[in-house]
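Throughout, residue positions are numbered sequentially from 1 according to the sequence presented.
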Amino acid sequence: MDEWSFSARMLNLLFEAAATARNGVEYTNSEVANAINLRAGRRVISDETIRKLRSPGGPQPSFDKVAHIAAFFQVPLDAFKEGTATYEAVAAEAHKVLEIRRKHTETVTRQVADESEGIQMLARSARRLDARGLRLAMEFVSSLQKMQKPQD
């Protein structure tokens with residue numbers, strides 16, 4: 001790996017893209033180091049080393065460390081070498097995954113906002129009811145829920 005520089009940018013992109021499969025929760029450096037070490041059956045990398053590798057201009061890792069990182073993220077070694085076709089293909093795929101996640105997040109955020117708006121409107125209306133009206137409204141909502149159950 002002496003003839004080219006390890007790409008911290010790709011490593012960070014892989015961390016970010018992998019979060020999609022984990023409900024948006026990124027792996028920690030410790031989780032990755034522990035998983036790599038467990039798979040290797042020995043200590044081959046530390047969380048501190050991973051932290052340094054994620055920093056632009058960080059140290060150049062050994063071939064062994066890159067191989068373990070590549071295996072963890074299930075990408076070829078060349079994915080960490082900027083300018084290669086492999087790097088470009090892996091980056092493009094990771095960006096697609098991130099774009100899908102971004103669109104999904106926007107959709108969910110919109111749905112929550114719409115639901116929240118409806119709930120807020122119902123709450124404002126309920127606040128204007130007296131005790132009898134509130135009881136009737138709750139009975140009506142309960143009846144609606146029972147009617148909708150078979151359709152769900």
Side-chain angles (χ1 to χ4, degrees), residues 1-127 137-138 141-142 144-152:
M1 304 225 33
D2 299 62
E3 67 273 4
W4 50 275
S5 295
F6 176 82
S7 174
R9 185 179 335 185
M10 176 58 75
L11 182 55
N12 287 315
L13 181 59
L14 292 172
F15 265 85
E16 193 177 348
T20 300
R22 297 173 40 123
N23 292 325
V25 178
E26 235 182 63
Y27 284 109
T28 65
N29 297 337
S30 294
E31 287 174 320
V32 173
N34 291 338
I36 289 170
N37 294 333
L38 185 64
R39 185 178 296 156
R42 62 187 170 84
R43 184 179 164 109
V44 294
I45 198 164
S46 69
D47 59 326
E48 180 61 16
T49 298
I50 291 173
R51 184 193 67 75
K52 289 177 182 176
L53 293 175
R54 294 182 73 182
S55 301
Q60 291 302 299
S62 67
F63 178 82
D64 185 51
K65 283 182 175 46
V66 177
H68 285 289
I69 293 168
F72 176 82
F73 286 107
Q74 300 177 348
V75 296
L77 286 171
D78 271 1
F80 294 101
K81 183 179 179 184
E82 289 187 38
T84 65
T86 304
Y87 176 94
E88 298 303 325
V90 171
E93 194 59 34
H95 285 296
K96 281 182 196 173
V97 167
L98 292 173
E99 181 62 17
I100 290 168
R101 185 174 94 194
R102 185 190 63 74
K103 285 180 180 176
H104 175 73
T105 300
E106 285 177 358
T107 300
V108 169
T109 301
R110 255 192 322 275
Q111 289 170 342
V112 168
D114 291 346
E115 288 176 8
S116 178
E117 190 176 305
I119 290 169
Q120 289 174 10
M121 188 271 306
L122 284 172
R124 282 191 303 272
S125 299
R127 277 194 292 262
M138 288 173 26
V141 169
S142 180
L144 283 174
Q145 288 173 326
K146 288 175 187 171
M147 287 189 297
Q148 288 187 336
K149 265 195 178 179
Q151 296 172 2
D152 289 347

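Annotation: side chain of I50 is in contact with side chain of F15 (closest heavy-atom distance under 4.5 Å). Contact annotation: the side chain of F80 never approaches that of V90 to less than 4.5 Å [non-hydrogen atoms, C-beta and beyond]. Under the 4.5 Å side-chain criterion, counting only non-hydrogen atoms from C-beta, L14 is not in contact with I69. Contact check for H68 versus I45: no side-chain heavy atoms found under the 4.5 Å cut-off. Put simply, the side chain of L98 reaches to within 4.5 Å of the side chain of E16, judged on heavy atoms. Between K96 and E93 there is a side-chain heavy-atom pair separated by less than 4.5 Å.
The backbone N or O of K103 sits less than 3.5 Å from a side-chain atom of T107, completing a donor-acceptor pair. Judged by distance alone, the side chain of S55 and the main-chain N or O of G58 form no donor-acceptor pair under 3.5 Å. For the pair E26 (side chain) and A18 (backbone), a donor-acceptor distance under 3.5 Å is absent. In this structure, T20 contributes its side chain and R101 its backbone to no donor-acceptor pair below 3.5 Å.
F72 does not carry R39 over the face of its six-membered ring by the limits of under 6.0 Å from the centre and within 45° of the normal.
Residue D47 comes nearest to A33 through the heavy atom pair N-CB, 3.6 Å, listed as atom of the first residue, atom of the second, then distance. Across all their heavy atoms, P59 and L53 have their closest contact at O-CD2, 3.4 Å. V44 approaches R42 most closely through the heavy-atom pair CG1-NH1, 2.9 Å.
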Could you walk me through whether Y87 and K81 satisfy the side-chain contact (heavy atoms from CB on, under 4.5 Å) test, starting with their C-alpha distance in whole Å, then the side-chain angles of each, then the deciding distance to 0.1 Å, before giving a yes or no?
CA-CA 6 Å; Y87 176 94; K81 183 179 179 184; 5.6 Å; no
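Salt-bridge formation is detected for the pair E48/R51: a Lys NZ or Arg NE/NH1/NH2 atom is positioned less than 4.0 Å from an Asp or Glu carboxylate oxygen. Salt-bridge formation is detected for the pair E99/R102: a Lys NZ or Arg NE/NH1/NH2 atom is positioned less than 4.0 Å from an Asp or Glu carboxylate oxygen.
Atom CZ of R9 has 12 or fewer heavy atoms from other residues, nucleotides or ligands within 6.0 Å.
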